[in-house]
Amino acid sequence: MRPTLTRLSKSLLPSLREAPKDAQLPSHALSLRAGLIRQVGAGLYELLPMGRMVLRRIEAIVREELDAEGAQEILMPGVLPAEYLRESGRWESFGDALCRFKDRKGADLALAPTHEEIVTDIARRELRSYRQLPAMLYQVQTKFRDEPRPRGGLLRGREFIMKDAYSFDVDEAAALQSYERMRKAYTRIFTRLGLDFRIVEADSGAMGGSRSAEFQILAKSGEDKLVTCGACAYAANAEVATSGPVERSAASVSEPVPALRRVATPGVTDMPSAIAALGDGHALDNALKTLVVEHQGEPVAVVVRGDHELNLMKLSGVLGATVTLASREKVQAFVGAPAGSIGPVNFPGRVVVDREAAALAQASCGANETEVHLVNVVFGRDYVGETVDIRMVEAGDPCPRCGAELSEHRGIEGGHIFVLGTHYSKKMSAHFTGERGEELPFVMGCYGIGMTRLIAAIIEQHHDTAGIRWPASVAPFDVVLVPISKRADADEIVAMLSDALRQEGLSVLIDDRNERPGVKFKDAELFGIPLRVTLGDRGLEAGKAEVTARHSGEAASVALADAAAYLKRMHLDLMRGID
RNA sequence: CGGGGUGUAGCACAGCCUGGUAGUGCGCAAGCUUUGGGAGCUUGAAGUCGGGGGUUCGAAUCCCUCCACCCCGACCA
């Protein structure tokens, strides 16, 4: 492919001196300012030429790595007939995020939010024998999900471009091999994109996958909370993270623990004021925080240590169904006491206790009577319950694998890989003939990358106060030429140099606008093109060009005759730094 | 869906409280000067003041209502 040459004066590469006030995140503001995108509506964006170029380069890397694993690219429709989604049950279960509509004949259709059903249909029609497996199909397609709250420009759109791949295997073991291959391919992809990322354990979602991992791009603006271990490979989304055994609370413990005692706590409506009312020796980390949740219409007392936070996702996993916190009114109705005076002792219903709350030798809690609390509470003696792991892990907790201290990060979910098992193939009767002639369901996996989101994520990690700093692997151009000389031969020099650069395989943007040097420099920095060549009278008099690296800001004066080769070497260095 | 906020020229904003000819900066067009870090002067074009309704002699401004967008939360295969 011939490297591109673009003249800024003839291009739709509009830069903005000020960002629209709606853009809060660096990536959002910069992608607007640098003319990558424009907003059409909530969560709907246009990609202008510069944005499209970056997406193209990301796509090229993704395709290269997937093709290398034998994946085959296809393209499925963006509109789905309802019947497919009805087969899997998702016509109903997808909820409001699914944009449904009717065609002229009154048939139900939906904008595709993802494509498991359609690709499963391809498999059941076209793949008949184990000899055709494993198979890996992928596409780069627009998805639409009517998100409750789009945000951050390309970070969370309602319409977005996703690379979704699907694997079909003969059994679980083979599916795991496909999964591992994709995990490695994704690792190469994210590395080549110049991203600082973590592969984390994640919630497999309602699809009941046997294994899944998220590729989380570290960024302050990330929507997900991650927990990682600095000493070993453990990393998990906070939704599912666990921690290792913790030292017993530091608070003093009497031996033996005296009998349970009731204490009136007039005016107390929450944990901190209860602790204050109980006085010395009582603290949040030796109190039992008891929350009431509704589970299948029944109240359940959920106990965590006072200084811990309940992880609703983990609790839902333990109870086996989605749970919601009961309102204050419902708590009063269920228990006969206000939310501030609830405890596990004699609780009228099921009790689940976080293992660290159960481990407290001597605790305090609500008495299930208005403004009365209990002290000297001991698990097993004064109350019982199922001991489970349901608390939110925090920075500083011990790693569940090696015991080292865990730290917290925020991340942008750039990719997610799953082993789906036979969930879709069974529901949709997608079978193949096995080695012994038996009929078997495909064991599937699915693998997504948020392509448009990656543009934002890359900018989140690669920018400074002046603008974007594209990794060389995805930059919209390799080199920007900034002619600011009035010499008669200036145009000729620019033409010769840009030809030489393209001979070296570098794409070139020429800022031939009739602008003052300052404007061109500022835009070159805003656009984030890795290498800038300034052609001014100063250098040209001596037959030299000035080369500036966007990443380091370092400048060098280079003879015009050597400039192309010099820039090629610099570019190779930049690419090496990433690969 | 709950809470908060914003809608005035392409962008950023003032004007609204206290009703009386719609403004500023950047950008855009033209001219002259300028030319190594977002130039100066002159002239010009550009706005149904988010939509609808109401009050009033008169509404960007007051009232009602709808809509859009942003932020926090809930939600997120």
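Order of the sequence lines sets the chain letters (A, B, ...), proteins ahead of strands, with each chain counted from 1.
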Heavy-atom donor-acceptor pair, A:Glu515 side-chain to B:rG38 base, under 3.5 Å: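 No.
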A:Glu18 (side chain) and B:rG25 (base): donor-acceptor pair under 3.5 Å: yes
[N] pairs with which nucleotide, Watson-Crick or G-U wobble, both distances below 3.5 Å?
N: B:rA45; value: none
N: B:rA39; value: B:rU33
N: B:rG10; value: B:rC26
N: B:rU56; value: none
N: B:rG73; value: B:rC1

Can you tell me how far [atom2] of [N] sits from [atom1] of [X], to the nearest Å?
X: A:Arg151; N: B:rC69; atom1: CZ; atom2: C1'; value: 15 Å
X: A:Glu147; N: B:rC69; atom1: CD; atom2: P; value: 14 Å
X: A:Arg516; N: B:rG40; atom1: CZ; atom2: P; value: 8 Å
X: A:Asp146; N: B:rA77; atom1: CG; atom2: C1'; value: 15 Å
X: A:Arg156; N: B:rC75; atom1: CZ; atom2: C1'; value: 9 Å

For [Y], is there any backbone N or O sitting under 3.5 Å from a side-chain donor or acceptor partner on [X]?
X: A:Asn311; Y: A:Ala238; value: yes
X: A:Asp108; Y: A:Ala82; value: no
X: A:Lys289; Y: A:Glu309; value: no
X: A:Asp512; Y: A:Arg7; value: no
X: A:His115; Y: A:Pro77; value: yes

For RNA chain B, the residues among residues 530-538 of chain A that have a non-hydrogen atom under 4.0 Å from it: A:Arg532, A:Thr534, A:Gly536, A:Arg538
Select base, sugar-phosphate, or nothing to describe what [X] touches, counting heavy atoms under 4.0 Å on all strands.
X: A:Gly152; value: sugar-phosphate
X: A:Glu525; value: base
X: A:Leu16; value: nothing

[atom1] spacing across the pair [N] / [M], given as an integer number of angstrom:
N: B:rG50; M: B:rA45; atom1: P; answer: 24 Å
N: B:rC76; M: B:rA14; atom1: P; answer: 38 Å
N: B:rC13; M: B:rU8; atom1: P; answer: 10 Å

Contacts of type side chain to side chain contact (heavy atoms under 4.5 Å, CB included), residue A:Pro338, not counting sequence neighbours: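 Applying side chain to side chain contact (heavy atoms under 4.5 Å, CB included) to A:Pro338 gives A:Gln332, A:Ser341, A:Thr370.
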Aromatic plane relationship, A:Tyr179 with A:Tyr447 - under 30° parallel, 30 to 60° tilted, over 60° perpendicular: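 Aromatic pair A:Tyr447/A:Tyr179 classed tilted.
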Short side-chain N/O contact from A:Gln39 to OP1 or OP2 of B:rC70, under 4.0 Å: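 Answer is yes, contact under 4.0 Å.
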Pair A:Glu525 + A:Arg532: basic N to acidic O under 4.0 Å: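 Counted as a salt bridge, because a side-chain N and a carboxylate O are separated by less than 4.0 Å.
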